[in-house]
Amino acid sequence: MRSVIVVGGGISGLAAAWQLRGRADVTVLESHAKVGGKLRTGTIAGIAVDEGAESLMALRPEAVELAAAVGLADALCDPAQAPTTIWTNGGLRPLPAGHVMGVPTDPAALTGTGLLSPAGVARVAAEETLEAPALTGDCSVSAYLASRFGQEAVDRLIEPLLGGIYAGRADRLSLRAAMPRIAALAEQGGPLLPALRRMRAAGAPRSAAVAVQGVTGGTGRFPQAVADACGARILTGTTARSLQRTPAGRWRVLAMTDDGPLTMEADAVILALPAFAAAELLRPHSPLAEAELSGIAHASTAVITMAFSRAQAHFLPQGNGFLVPPVDGHTLKAASFLSNKWSWLGASAPDTFVLRASIGRIGDEELLDRPDRHLVRTAIAELHHAVGPMGEPVATRVTRWDRGLPQYGVGHRERVARIREAAGKLPGLALCGAAYEGVGVAACVATGRAAAHTILPT
Ligand SMILES: Cc1cc2nc3c(=O)[nH]c(=O)nc-3n(C[C@H](O)[C@H](O)[C@H](O)COP(=O)(O)OP(=O)(O)OC[C@H]3O[C@@H](n4cnc5c(N)ncnc54)[C@H](O)[C@@H]3O)c2cc1C
């Protein structure tokens with residue numbers, strides 16, 4: 001049986017370990033005390049809450065399939081039905097249904113929402129009349145979509161969605177990598193509005209922002225269930241420091257544990273790590289892969305979770321939360337009203353209202369240098385401004401995700417192709433994780449599966 005070391009016990013690495021179960025002797029090295037990476041469930045006021053990802057993208061099947069396979073089928077749950085709401089122009093304004101990452105399919109439905117000015121709505125509607133040669137090559141989201149729908153639509157409809165998913169900005173993110181469905185239409189040529197309407201009429205997938213599922217009890221249960229079911233040896237508190245090739249062509253991992261250094265050897269190694277961590281380990285083996293991986297920028301964010309006593313709060317908001325465009329000058333990026341959104345959470349703590357706010361897009365690093373108490377005060381002040389005077393929380397918790405979200409800049413797909421080509425020259429090595437073909441949990445699971453396949457084809 002081949003031996004495989006998976007470095008990184010986030011969902012990507014665990015998905016790879018699951019895929020190899022029964023066919024390889026697998027060891028997973030995870031630097032933290034628990035597996036899961038960005039799928040982490042903590043507690044606030046004794047209530048389980050997600051501190052990182054709170055949902056699994058259900059537009060594609062890989063994450064929900066894996067969750068079901070490891071015994072969590074009954075735990076998968078839908079969020080409460082509510083429109084995506086944008087806090088802009090001084091109010092909370094629902095995005096009309098049918099949008100694709102904020103790109104509207106029916107300009108008329110924007111009228112009266114207060115999301116765009118009348119001129120902005122007219123500019124969106126004019127999209128169908130503009131010449132639209134087929135897009136060739138990559139460009140930023142805003143370069144393309146502002147030319148189609150106007151800058152106002154980018155600022156107030158698309159930018160908040162990109163902030164929510166990537167902690168990114170429209171003028172830096174790649175259209176092809178960050179909005180692949182829109183890019184595919186643009187590459188066919190012709191106006192987008194009729195193409196999007198046809199897609200909708202054909203029953204095309206719902207918007208990424210609503211097609212999600214949660215896990216009763218928290219998404220942190222998911223990686224733990226995969227770890228328990230995959231049969232791999234899981235070494236937590238173990239940080240891989242370097243990677244060596246042995247004279248026999250095997251891989252040796254030098255790691256640090258709480259008890260001191262650890263050296264392990266295996267036939268193959270899968271690096272299921274953030275790009276900068278994979279770059280570090282690959283430096284001696286592939287300067288090209290190292291340079292390309294190091295070129296992927298990462299956004300840092302902070303998640304501020306707050307618990308309010310229902311009895312004492314002056315006011316509790318309706319709906320699932322809201323997204324915020326940077327153009328209005330607010331600090332918040334998004335807020336999620338967990339107690340409304342997830343029925344399991346509402347039921348488990350009926351006297352408490354839990355929400356989380358997030359702060360930090362790419363370029364906001366200075367903002368995140370502020371101490372926790374400052375972030376909490378800012379979040380409370382802006383929440384009061386957005387939804388109304390809720391009063392003071394009874395508990396707060398700040399979770400910082402330093403360099404937590406990779407940014408798919410213009411040319412990202414080509415960069416990933418170069419990384420994969422360079423890594424392909426290293427026998428018995430594969431890469432997976434959020435840095436490559438999608439940051440969502442489902443895309444990460446898919447990369448884990450693919451890495452396992454590279455090492456040991458089925
Ligand atoms: C705040 C936040 C909210 C999000 N919300 C959602 C959401 O709602 N839905 C969604 O689909 N996606 C969401 N995402 C994105 C998604 O959660 C992540 O992209 C995904 O979980 C990344 O998984 P991964 O395994 O690739 O990486 P990670 O989760 O980063 O796992 C990598 C692991 O490697 C470990 N590690 C690092 N270096 C070493 C080393 N040298 N040796 C050993 N171990 C090491 C780390 O400790 C970590 O556990 C969110 C992300 C963030 C930050």
Side-chain angles (χ1 to χ4, degrees), residues 5-17 27-40 50-60 62-64 79 163-167 208-209 211-215 218-220 222-223 226-227 234-243 253-257 262 264 269-282 298-305 321 333-334 336 338 341-342 356-360 399-406 408 431-448 451:
I5 297 174
V6 177
V7 186
I11 197 61
S12 302
L14 293 167
T27 304
V28 177
L29 308 184
E30 166 53 49
S31 55
H32 278 266
K34 275 176 118 176
V35 293
K38 272 102 193 179
L39 300 188
R40 186 200 297 171
D50 286 318
E51 297 184 63
E54 55 164 303
S55 60
L56 317 178
M57 200 69 87
L59 273 180
R60 42 187 295 177
E62 294 89 343
V64 289
I165 295 173
Y166 292 97
V212 298
Q213 286 202 296
V215 179
T219 58
F222 178 31
V226 182
I234 311 276
L235 303 184
T236 54
T238 305
T239 301
R241 294 274 191 233
S242 70
L243 202 55
V253 180
L254 308 179
M256 188 53 76
T257 74
L262 172 78
M264 295 186 72
V269 68
I270 295 177
L271 301 183
L273 296 169
F276 49 85
E280 197 71 29
L281 294 179
L282 284 177
H298 287 72
S300 298
T301 57
V303 173
I304 300 129
T305 310
K333 179 168 74 74
S336 182
L338 301 176
K341 187 169 178 183
W342 303 111
R356 58 184 242 180
S358 59
I359 288 181
T399 309
R400 290 171 183 272
W401 294 104
D402 185 30
R403 295 195 285 173
L405 280 158
Y408 293 0
L431 302 171
C432 61
Y436 307 101
E437 285 100 8
V439 300
V441 176
C444 290
V445 169
T447 66

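For ligands, and for the atoms within them, numbers begin at 1 and follow the listed sequence. Worth saying up front: this structure is predicted, and the values here are computed from it rather than measured. The basis for the numbers below is simple: all heavy atoms, side chains too, and nothing from hydrogens, waters or symmetry mates.
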At less than 4.0 angstrom from any non-hydrogen atom of [X], what atoms of ligand 1 do you find?
X	answer
Val7	42 (N), 43 (C)
Val441	10 (C), 11 (O), 12 (N)
Gly433	26 (O)
His32	47 (O)
Ser55	7 (C), 8 (O), 9 (N), 10 (C), 11 (O)
Ala434	19 (O), 22 (C), 26 (O)
Cys444	19 (O), 20 (C), 22 (C), 23 (O), 26 (O)

Considering both backbone and side-chain atoms of [X], is one of its nitrogen or oxygen atoms within less than 3.5 Å of a nitrogen or oxygen in ligand 1?
X	result
Pro274	no
Leu405	no
Glu30	yes
Leu39	no
Thr239	no
Ser31	yes
Val439	yes
Arg356	no

Backbone of Ser300 reached by a side-chain donor or acceptor of Arg400 within 3.5 Å: no

Grab the two heavy atoms, one from [X] and one from [Y], that are nearest each other, plus how far apart they are.
X	Y	value
Gly404	Pro406	O-CD, 3.9 Å
Glu54	Trp342	OE1-NE1, 2.8 Å
Leu273	Gly8	CD2-CA, 3.9 Å
Ala63	Val445	CA-CG2, 4.2 Å
Thr219	Ser55	CG2-N, 3.8 Å
Thr238	Ala255	CG2-CB, 3.7 Å

Protein heavy atom at shortest distance from [atom]:
atom	answer
atom 38 (N) of ligand 1	Leu273 CD2, 3.4 Å
atom 31 (O) of ligand 1	Gly10 CA, 3.3 Å
atom 41 (N) of ligand 1	Ala240 O, 3.1 Å
atom 2 (C) of ligand 1	Gly52 C, 4.0 Å
atom 1 (C) of ligand 1	Trp401 CD1, 3.5 Å
atom 21 (O) of ligand 1	Lys38 CB, 3.7 Å
atom 25 (O) of ligand 1	Ser12 N, 3.0 Å

What distance separates Leu14 CG from Cys444 SG, expressed to the nearest 0.5 Å? 11.5 Å

Under the side-chain hydrogen bond (donor to acceptor under 3.5 Å, both in side chains) test, residues paired with Glu51 that sit two or more places apart: Arg397, Thr399

Student check: side-chain heavy atoms of Val212 and Met57 closer than 4.5 Å: yes

Exercise answer: donor-acceptor pairs, residues 31-38 side-chain atoms, under 3.5 Å, sequence neighbours excluded:
none

Taking only non-hydrogen atoms of Thr238, do any sit less than 4.0 angstrom from ligand 1? yes

From Ala53, Ala33, Ser358, Gly440 - option closest to atom 14 (N) of ligand 1 by heavy atom: Ala53

Taking non-hydrogen atoms only, is Ala272 closer than 4.0 angstrom to ligand 1 via side chain, backbone, both or neither? backbone

Checking side-chain contact (heavy atoms from CB on, under 4.5 Å) against Ile11, which of Thr447, Leu56, Val226 comes through? Val226

